[in-house]
Amino acid sequence: MAAVKRPPLPVILVANDLVEGEVLFAANNGWTRDVRAARVASDEAAALELEQFGAAQASESKVVDAYLVDVEIEAGVPVPRHYRERLRTLGPSHRLDLGKQAEFHI
Amino acid sequence: MYAYDEFDRQIVRERVAQFASQVERRLDGSLTDEEFRPLRLKNGLYLQLHAYMLRVAIPYGALSARQLRQMALIAETYDRGYGHFTTRQNLQYNWPKLRDTPAILGLLADVDMHAIQTSGNCIRNTTTDCFAGAAFDEIEDPRPTAEWIRQWSTLHPEFDWLGRKFKIAVTASRQDRAVLKGHDVGVRIVRDADGETGYQIYIGGGLGRTPMEGKLIREFLPRAELLDYLEAILRVYNLEGRRDNKYKARIKILVHEIGLEKIRADVEAEYASIVAASPKADLREFHRIQAAFDAPEFADLPEVSRKLEQAQANDPDLALFVEHNLFRHKHKGYASLTISLKGIGQAPGDANAAQMRAVADLAEKYSFNELRVSHKQNLVLPHVRLDDVAEIFAVLKAHDLATANAELITDIICCPGLDYCALATARSIPLAQKLSRHFGDAATQKDIGELSIKISGCINACGHHHIGNIGILGLEKKGAESYQITIGGDAGDQFAIGELLGPGLPETHVPEALDKLIAVYRRERRQGETFIETYRRIGLAPYKTAFKEIADAFA
Ligand code: SF4
């Protein structure tokens with residue numbers, strides 16, 4: 001199988017919780033819903049590890065649609081470079097009372 | 001309204017049970033994601049940007065008070081207290097959990113509703129005029145025909161896995177309020193020279209990546225022949241349509257590639273063989289359905305309501321509402337009343353549970369228990385007495401639902417865009433909100449008059465941007481959101497696809513760009529001319545020049 005093209009480093013792993021549908025980020029231990037606690041992979045080996053974790057969790061039917069997202073580190077916190085992925089870390093931009101932005105006050 | 005019989009109920013219940021077991025098997029890991037995805041899509045369940053999304057079918061946009069209350073209950077119990085009405089006259093919940101969907105579908109089944117065929121490559125919800133059964137200009141109520149099509153197309157074994165989705169719209173009026181020519185098949189109810197009622201059939205319309213205007217394939221089809229003829233169209237499409245490329249798989253591409261004459265010949269040939277092989281089509285089922293749509297018992301009322309006139313004289317807000325949100329009814333003393341889900345600065349098409357309940361109560365009390373959802377993402381009380389309008393208005397006002405802007409510039413059609421939709425390339429709701437505020441002042445709106453803005457968050461065009469008088473398409477340009485603006489689109493009888501004005505603009509510049517376009521209209525308009533009429537008369541050039549100023553300033 002051809003190698004899947006990875007986004008530029010550093011990256012985090014994003015997925016949806018199978019049961020809830022909620023967006024999750026791979027953390028140091030399991031998953032988190034708060035991007036600030038996401039595990040950041042800064043080298044190829046760490047990115048590969050994240051990817052493998054995602055695939056394993058998907059095959060165990062914990063999550064769906066796991067993929068790596070490239071981020072920048074701002075004030076120590078990973079922020080996706082692309083606006084689509086940034087929205088996924090927050091929630092609908094016109095409803096600040098909903099989603100992670102409301103839950104985590106980010 | 002049509003009421004489910006035991007067969008309808010059984011189909012829906014069995015489907016809920018089947019999906020419940022599929023969800024179970026997905027949750028315990030015996031179904032993989034690849035196996036489960038097509039199954040959930042068959043039941044209207046998508047995975048979106050932040051969560052799952054459940055799309056509930058509202059056949060031809062008709063709802064009873066009880067059904068809308070149930071939708072409010074679901075919104076509160078299993079979602080975040082609101083729902084989104086779509087341009088396909090359906091309702092979407094944005095936050096359901098997978099494990100709750102069987103229960104939600106169960107609650108829907110309790111009120112004869114479901115989410116079957118709201119996604120996937122099958123025949124989708126048949127849509128119609130939001131004033132169906134009430135409009136002064138209709139030949140007959142189009143809902144029996146739409147229901148007839150619904151029954152035929154529900155779980156139709158031959159058309160369950162088409163090359164792509166397939167959308168049908170029906171109208172019975174001279175004025176097209178159902179975007180007939182923007183559908184795979186458009187059905188217009190007409191009378192021939194002998195006074196016989198039948199159908200005029202359009203084929204191959206559609207928006208999306210390759211917008212096309214539907215073409216007339218059959219001038220007059222006797223009523224009894226409708227389903228066989230549709231069957232012939234679907235069969236030709238199913239056999240001949242492309243499957244190698246999903247963007248070329250809609251029937252519009254087939255019509256475009258082989259030409260109208262050829263597809264007409266193919267359909268007629270297929271139709272002849274269907275007719276030869278089956279018993280003569282009859283109208284028994286149609287008449288059974290039609291009987292279920294018996295018109296309510298309207299009272300004999302005077303043409304004008306003194307009561308309403310007096311109330312209007314005392315309340316300018318009410319007068320404005322009456323001016324914009326009432327539509328002429330076929331019965332004297334009645335009107336169809338549009339409940340705008342486009343409050344100034346609100347997300348178009350969203351309603352919360354309390355609002356749904358309030359509207360349900362109004363339908364029960366004032367509109368023979370009937371409601372409609374419009375493709376413009378508003379709600380309609382189809383049959384209200386003019387005498388009752390002031391009371392209804394007061395209730396609407398208390399629930400933030402009394403915005404007097406039907407057909408005006410703030411009556412914006414807008415898809416969910418990147419605030420919810422996984423396919424989106426840009427957000428659409430915040431721009432709709434911004435434009436709504438920008439033009440929200442009543443005097444401004446009155447001066448601009450009838451003007452449709454339609455916004456989509458990607459090329460799929462759920463927000464009908466191609467056929468907006470002003471259309472806005474959100475794209476990605478150099479890593480940022482960018483909005484392309486088109487002008488001259490028309491959803492109605494003078495169906496037209498809008499013309500692109502120039503390069504995309506950032507969200508911040510869109511209001512100013514629209515100001516420029518409207519300034520051209522204000523300068524050029526003749527007495528009584530609407531925005532689109534002026535455009536048709538003077539053409540694209542002056543608008544392009546005006547737009548260029550903004551585009552250049554930005555570039
Ligand atoms: S037009 Fe695109 S962004 Fe909008 S709802 Fe449709 S698919 Fe999603």
Side-chain angles (χ1 to χ4, degrees), chain A residues 1 7-8 12-25 31-35 38 53-67 69-72 74 79-104 106, chain B residues 23 25-34 36-37 40 45-54 79-82 84 93-101 345-348 350 414 416-434 457-458 476 479-481 507:
Chain A
M1 209 173 84
I12 58 173
L13 182 75
V14 183
N16 290 86
D17 182 79
L18 172 71
V19 178
E20 310 256 317
E22 167 105 40
V23 178
L24 301 176
F25 310 97
W31 296 93
T32 173
R33 291 181 296 137
D34 184 345
V35 69
F53 174 66
Q57 290 281 294
S59 74
E60 283 168 38
S61 296
K62 295 275 193 297
V63 298
V64 285
D65 287 356
Y67 60 91
V69 164
D70 54 317
V71 294
E72 260 159 33
E74 289 176 16
V79 176
R81 287 203 185 95
H82 195 278
Y83 58 87
R84 178 185 197 271
E85 299 305 328
R86 271 201 303 277
L87 277 169
R88 294 192 81 197
T89 67
L90 298 171
S93 66
H94 70 298
R95 288 291 304 261
L96 301 180
D97 58 323
L98 295 175
K100 300 176 194 310
Q101 55 205 359
E103 195 177 347
F104 304 118
I106 43 179
Chain B
V23 169
R25 281 180 285 148
R26 177 66 187 114
L27 292 178
D28 72 17
S30 35
L31 285 175
T32 65
D33 190 44
E34 289 70 39
F36 182 66
R37 190 183 304 131
R40 71 165 157 74
L45 189 65
Y46 289 73
L47 186 56
Q48 292 286 46
L49 212 57
H50 308 295
Y52 288 103
M53 179 271 277
L54 181 70
D79 210 87
R80 307 279 162 94
Y82 69 107
H84 173 75
Y93 292 113
N94 293 306
W95 307 92
K97 300 187 161 96
L98 177 59
R99 92 161 160 254
D100 293 336
T101 46
Q346 302 291 309
D350 280 9
C414 176
L418 194 58
D419 284 302
Y420 296 100
C421 178
L423 300 172
T425 40
R427 286 173 295 165
S428 48
I429 297 170
L431 180 54
Q433 293 175 301
K434 181 179 263 186
C458 83
E476 176 177 353
E481 291 164 299
E507 195 221 34

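Heavy atoms of B/Tyr46 lying under 4.5 Å from chain A are absent altogether. Neither the backbone nor the side chain of A/Arg81 comes within less than 4.5 Å of any heavy atom of chain B. Residue contact with chain A, scored on non-hydrogen atoms closer than 4.5 Å, involves the side chain of B/Leu47 exclusively. For B/Pro96, the part lying under 4.5 angstrom from a heavy atom of chain A is the backbone only. Proximity to chain A (any heavy atom under 4.5 Å) is restricted, for B/Gln48, to the backbone atoms N, CA, C and O. With a 4.5 Å cut-off on non-hydrogen atoms, B/Leu49 touches chain A through its backbone and its side chain both. Both the backbone and the side chain of B/Ala422 come within contact range of chain A, judged by heavy atoms closer than 4.5 Å. Using a 4.5 Å cut-off between heavy atoms, A/His94 contacts chain B through both its backbone and its side chain.
Pairing each heavy atom of A/Val19 with each of B/Tyr52, the nearest pair is O-CE1, 3.9 Å. Between B/Tyr420 and A/Pro92, the closest heavy-atom pair is CE2-CG, 3.9 Å. Here the closest non-hydrogen pair linking B/Gly29 and A/Ser61 is CA-OG, 3.5 Å.
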Decide yes or no on side-chain contact (heavy atoms from CB on, under 4.5 Å) for A/Tyr83 and B/Arg427, but give the supporting numbers first. CA-CA 10 Å; A/Tyr83 58 87; B/Arg427 286 173 295 165; 5.9 Å; no
Criterion side-chain contact (heavy atoms from CB on, under 4.5 Å) on B/Arg26 and A/Val64, from CA distance to verdict: CA-CA 11 Å; B/Arg26 177 66 187 114; A/Val64 285; 3.4 Å; yes
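Atom CD of B/Glu476 and atom CZ of A/Arg84 lie 10.5 Å apart (nearest 0.5 Å). Residue A/Glu22 holds its CD atom at 14.0 Å from CG of B/Leu98, rounded to the nearest 0.5 Å.
The greatest number of non-hydrogen atom pairs below 4.5 Å with chain B, out of A/Leu98, A/Asp97, A/Leu18, is found for A/Leu18. Chain B forms more heavy-atom pairs under 4.5 Å with one residue of A/Asn16, A/Asp65, A/Val23 than with any other, namely A/Asn16. Of the listed residues B/Gly479, B/Ala480, B/Gly417, B/Ala424, the one with more heavy-atom pairs under 4.5 angstrom with chain A than any other is B/Ala480.
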